[in-house]
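Report on the following structure.
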Amino acid sequence: MALGEDPAIHPEAAIAPGYLANHAARVFNRLVDSRLRPHGLTLALLGPILLLSWKGPMRQRDLVADSAVKQPAMVALLAKLEALALIARTPSADDRRAALVSLTERGMAAAALGREILLDANALGVAALSPEEAQALTRLLQRLIANLESASGT
């Protein structure tokens, strides 16, 4: 089936970059979630885990500021991650009202697993592309994002 010929998708949407980027993200997220699920993880849980593995221990408010997750959702994610023994919260040395969130050893292992699954899913997404095409796709998506962020003022 050629580009734009899927009968389940409106012909104008099938060639719209925004729709295609959004659809690709949904398909990617479903693939990653399906590979995380056997390990008791989800893509939503993986976000804070990867952020902590990258930046190290952080306060909850900094996790919220550095992610796309809002405060109430982050509270729920952190509670679940703590119940799964993937994170630990300790009192902050410089602010007694705040807790420092850090990965446990299990959390570090989950971060490594999640990273592998994400890398594999990305590789699958560009498997039929040449290295040059994959790089061009990445640059074009970066420009699409920049254009949309500029237009929305974000």
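Worth saying up front: this structure is predicted, and the values here are computed from it rather than measured. Hydrogens, waters and symmetry mates play no part in the numbers below; they use all other heavy atoms, side chains included.
Remark: Arg26 CZ is packed, more than 12 non-hydrogen atoms of other residues, nucleotides or ligands lying under 6.0 Å away.
In terms of heavy atoms, Ile87 sits closest to Glu82 at CG1-N, 3.5 Å. Nearest heavy atom pair, residue Val101 against residue Gln60, reads CG2-N, 4.3 Å. For the residue pair Leu20 and Ala13, the shortest heavy atom distance occurs at CG-O, 4.4 Å. Across Arg89 and Ala99, no two heavy atoms sit closer than the pair CB-CB, 4.2 Å. For the pair Pro48 and Met74, the tightest heavy-atom approach, listed with the atom from each and the gap, is CG-SD, 4.0 Å.
In this structure, CD on Glu133 lies 11.5 Å from OG1 on Thr138, to the nearest 0.5 angstrom. For the atom pair CG (Asp33) and CG (Leu45), the distance works out to 9.0 Å, reported to the nearest 0.5 Å. In this structure, CG in Leu63 is found 4.5 Å from CE in Met58, a value given to the nearest 0.5 Å. The CD atom of Gln135 sits 11.0 Å away from atom CG of Leu129, with the distance rounded to the nearest 0.5 Å. Summarising the geometry, atom CG belonging to Leu118 is positioned 6.5 Å from atom CG belonging to Leu43; distances are rounded to the nearest 0.5 Å. The CG atom of Leu124 sits 9.5 Å away from atom CZ of Phe28, with the distance rounded to the nearest 0.5 Å.
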Run the salt bridge (charged side-chain N to carboxylate O under 4.0 Å, His left out) check on Arg59 and Asp62 step by step: do they pass? CA-CA 5 Å; Arg59 285 182 272 199; Asp62 297 325; 3.6 Å; yes

- Please lay out, stage by stage, how Arg37 and Thr42 fare under the test side-chain contact (heavy atoms from CB on, under 4.5 Å). CA-CA 6 Å; Arg37 199 170 299 114; Thr42 65; over 6 Å; no

- Going through the distances and angles, do Val64 and Val69 end up as a side-chain contact (heavy atoms from CB on, under 4.5 Å)? CA-CA 6 Å; Val64 171; Val69 178; over 6 Å; no

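Leu77 and Leu100 end up in different hydrophobic clusters when Ile, Leu, Val, Met, Phe, Trp and Tyr side chains are linked at under 4.5 Å. In the hydrophobic cluster analysis, where Ile, Leu, Val, Met, Phe, Trp and Tyr join through side-chain heavy atoms closer than 4.5 angstrom, Leu119 is grouped apart from Val126. Follow the hydrophobic side-chain contacts under 4.5 Å out from Val75 and you never reach Leu84; the two are in separate clusters. Leu148 and Leu141 fall within the same hydrophobic cluster, where Ile, Leu, Val, Met, Phe, Trp and Tyr residues are linked whenever their side-chain heavy atoms come under 4.5 Å apart, directly or through other members. Cluster annotation: Leu36 is connected to Met108 through the hydrophobic network of ILVMFWY side chains, with a link wherever side-chain heavy atoms come within less than 4.5 Å.
A donor-acceptor pair is defined here as one N or O able to donate and one able to accept, closer than 3.5 Å; such a pair exists between the side chain of Ser53 and the backbone of Leu50. Between the side chain of His39 and the backbone N or O of Leu41, no donor-acceptor pair lies under 3.5 Å. Looking only at distances, a side-chain donor or acceptor of Thr104 sits under 3.5 Å from a matching main-chain atom of Leu86.
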